[in-house]
*Asks:* 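Just passing along the structure, written as structure tokens.
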Protein chains: 2
Amino acid sequence: MATATRSTKYRRQSDTDLSRMEIMEGAALCFEARGYSATSLDEVAARIASTKGRIYHHYASKAELFLDVYRTGMMMNFQAIEPILERDMPPIERLKAVLKAHVMCVIRTKAFQNVVGQGVDMLRHGTMPANEHAELRQLAQLRDTYSEHFSKVLEDAMAAGDIEFANIKIALNSVFMCINGPIVWFTPRKGQDQKEIEAVADECVLYAIRLLGYTGKTP
Amino acid sequence: MATATRSTKYRRQSDTDLSRMEIMEGAALCFEARGYSATSLDEVAARIASTKGRIYHHYASKAELFLDVYRTGMMMNFQAIEPILERDMPPIERLKAVLKAHVMCVIRTKAFQNVVGQGVDMLRHGTMPANEHAELRQLAQLRDTYSEHFSKVLEDAMAAGDIEFANIKIALNSVFMCINGPIVWFTPRKGQDQKEIEAVADECVLYAIRLLGYTGKTP
DNA sequence: ACTTGAACATACTATCGAGTATGTTGTCAA
DNA sequence: TTGACAACATACTCGATAGTATGTTCAAGT
């Protein structure tokens with residue numbers, strides 16, 4: 001019986017997760033298109049051919065839904081780069097690989113990454129109700145951790161003499177602006193296959209490492 | 001009498017412009033902080049220690065106010081770079097100068113530039129009431145013209161052999177992401193003088209031209 | 001002095017959307 | 001089979017805010 005109960009529980013949990021993911025995907029698209037506050041939950045519901053009741057069954061508030069999309073977007077980023085951080089390779093190659101993985105991830109999860117950006121802004125400007133503000137701060141720490149990973153990779157490559165920059169804060173910000181660019185300007189074309197997308201990503205990575213003073217050869 | 005009438009008219013026009021500018025500055029700060037739709041006109045009014053009545057005396061709608069801020073932001077950009085475009089100088093130097101001027105301008109007019117960004121997004125995603133949509137398109141054309149100026153400067157520098165890139169659209173987008181970065185991440189410190197701000201701008205420009213393959217010497 | 005109109009402020013309306021309360025359906029366990 | 005509960009849908013409430021209608025002030029023209 002214990003087994004039966006547990007399997008049931010798991011299946012249900014799985015169903016719930018699926019439903020929440022569907023809601024999040026609709027929400028991410030709406031938030032991306034119109035921004036957090038301009039998006040009504042009725043719109044989100046309509047996008048997934050459903051109703052507001054379903055959303056409120058899974059989320060206590062609009063803010064919680066937003067935060068879940070935010071968190072999920074960050075998780076996608078971590079999953080994209082963490083395997084590479086553990087691999088043993090020359091710093092400059094790791095840098096390239098991490099940048100590439102990030103760009104590919106943001107292109108694939110564009111809507112979610114846009115929400116992440118909105119979340120960062122929200123914290124910066126201190127909007128959003130006070131009760132959810134705490135979770136927003138927590139998520140911002142997650143973002144800082146993510147940023148720290150890049151800092152490390154940058155410093156390693158710097159120490160190896162492959163790149164050079166003056167102020168690491170400005171350099172890192174500029175790199176992020178560059179590799180996050182597709183979130184803003186990338187629009188998927190019809191019939192655009194994986195190869196073409198990779199070509200775009202490669203060019204972004206090229207510009208990002210050039211920005212860091214990489215010349216293509218180790219002098 | 002004609003003279004008197006005209007001088008009166010001018011003074012009044014000047015007063016009106018001043019009042020509108022004050023409203024726009026408050027609006028720009030609010031829109032930057034909370035986004036277009038999350039910003040109420042009561043907030044904007046409060047920020048300039050005034051009331052909604054004053055805003056509606058000068059603007060027919062919230063959208064019109066937004067569009068005026070947008071337009072003003074673009075004008076600021078044009079005024080920053082146009083003198084340089086007319087100067088006679090080597091392409092690479094002109095490129096550097098234009099980038100520097102742009103960065104200084106966005107730092108100085110941060111809130112307005114943020115609104116410009118929101119306006120671009122709005123057009124891209126087709127939000128905003130249909131009647132104002134036309135003017136939004138018009139403003140987007142202004143933005144395209146601005147972008148065209150940079151394209152020209154890039155191509156000249158490319159022809160002179162000072163920089164090189166694969167796809168000009170991606171390169172230009174990346175450059176813009178980089179030099180518009182301060183709109184997102186720059187926060188003015190107290191007691192930060194002009195010199196320090198220029199140092200930040202210079203570093204942004206450095207990264208932007210590096211991104212374009214500039215090595216510092218003409219090979 | 002008095003009229004006029006610009007430049008506001010004040011007081012109100014009407015709508016939209018977040019949140020809630022309640023109803024319906026299907027599934028599983030006992 | 002029935003009771004319970006998850007997973008929704010439907011139907012409401014209520015506060016916030018864009019927009020409007022009206023009142024007030026003051027400076028300039030006559």
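Heavy-atom basis, side chains included; hydrogens, waters and symmetry copies ignored.
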*Asks:* Report the residues that fulfil side chain to side chain donor-acceptor pair (under 3.5 Å) with A:Ser19, sequence neighbours left out, ordered by chain and then residue number.
*Replies:* A:Arg54, A:His58

*Asks:* With a 3.5 Å cut-off and sequence neighbours excluded, list the donor-acceptor pairs that the side chains of residues 74-82 of chain A form with protein atoms.
*Replies:*
residue	atom	partner	partner atom	Å
A:Asn77	OD1	A:Gln113	NE2	3.2
A:Asn77	ND2	A:Gln113	OE1	3.0

*Asks:* Return the set of residues passing ring-ring contact (aromatic ring centres under 6.0 Å, His included) with B:Phe66 (not counting sequence neighbours), or none when no residue passes.
*Replies:*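 ring-ring contact (aromatic ring centres under 6.0 Å, His included) check on B:Phe66 returns B:Phe31, B:Tyr36.
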
*Asks:* Hey, is the main chain of B:Ser37 close enough, under 3.5 Å, to the side chain of A:Ser37 for a donor-acceptor pair?
*Replies:* no

*Asks:* With a 4.0 Å cut-off on heavy atoms, is A:Ser37 in touch with a base, just the backbone sugar-phosphate, or nothing at all?
*Replies:* nothing

*Asks:* For the residue pair A:His102 and A:Tyr146, does the interplanar ring angle fall in the parallel (under 30°), tilted (30 to 60°) or perpendicular (over 60°) class?
*Replies:*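 A:His102 vs A:Tyr146 ring planes: tilted.
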
*Asks:* CZ of A:Arg20 versus P of D:dA6: gap in Å, rounded?
*Replies:* 14 Å

*Asks:* Contacts to DNA chain D from residues 55-64 of chain A, heavy-atom cutoff under 4.0 Å, which residues?
*Replies:*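 When residues 55-64 of chain A is checked for heavy atoms under 4.0 Å from DNA chain D, the hits, listed by number, are A:His57, A:His58.
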
*Asks:* Nearest 0.5 Å, please: how far is CD1 in B:Ile48 from CE in B:Met24?
*Replies:* 11.0 Å

*Asks:* Strictly below 4.0 Å, heavy-atom distances to any atom of DNA chain D: list the hits from residues 42-54 of chain A, or just say none.
*Replies:* A:Ser50, A:Thr51, A:Gly53, A:Arg54

*Asks:* In whole angstrom, give the distance that lies between atom CG of B:Leu41 and atom C1' of C:dC8.
*Replies:*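 Result: 15 Å.
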
*Asks:* Pair up each side-chain donor or acceptor in residues 195-205 of chain A with any protein partner under 3.5 Å, not counting sequence neighbours, and list the distances.
*Replies:*
residue	atom	partner	partner atom	Å
A:Glu196	OE2	A:Asp193	N	3.1
A:Glu198	OE1	A:Lys100	NZ	3.1
A:Asp202	OD1	A:Lys100	NZ	3.0
A:Glu203	OE2	A:Tyr207	OH	2.6
A:Glu203	OE2	B:Asn167	N	2.8

*Asks:* With a 3.5 Å distance limit and no angle check, can you tell me whether A:Ser147 reaches the backbone of A:Arg143 through a side-chain donor-acceptor pair?
*Replies:*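 Not confirmed, A:Ser147 side chain does not pair with A:Arg143 backbone.
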
*Asks:* When you measure from the side-chain N and O atoms of A:Ser19 to the phosphate of D:dA7, is any distance below 4.0 Å, counting only OP1 and OP2?
*Replies:* no

*Asks:* In whole Å, I'd like the distance from the CG atom of A:Asp17 to the C1' atom of D:dA6.
*Replies:*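 For the pair A:Asp17 CG and D:dA6 C1', the rounded distance is 14 Å.
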
*Asks:* To the nearest Å, give me how far apart CD1 (B:Ile23) and C1' (C:dA9) are.
*Replies:*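 Distance, rounded to whole Å: 13 Å.
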
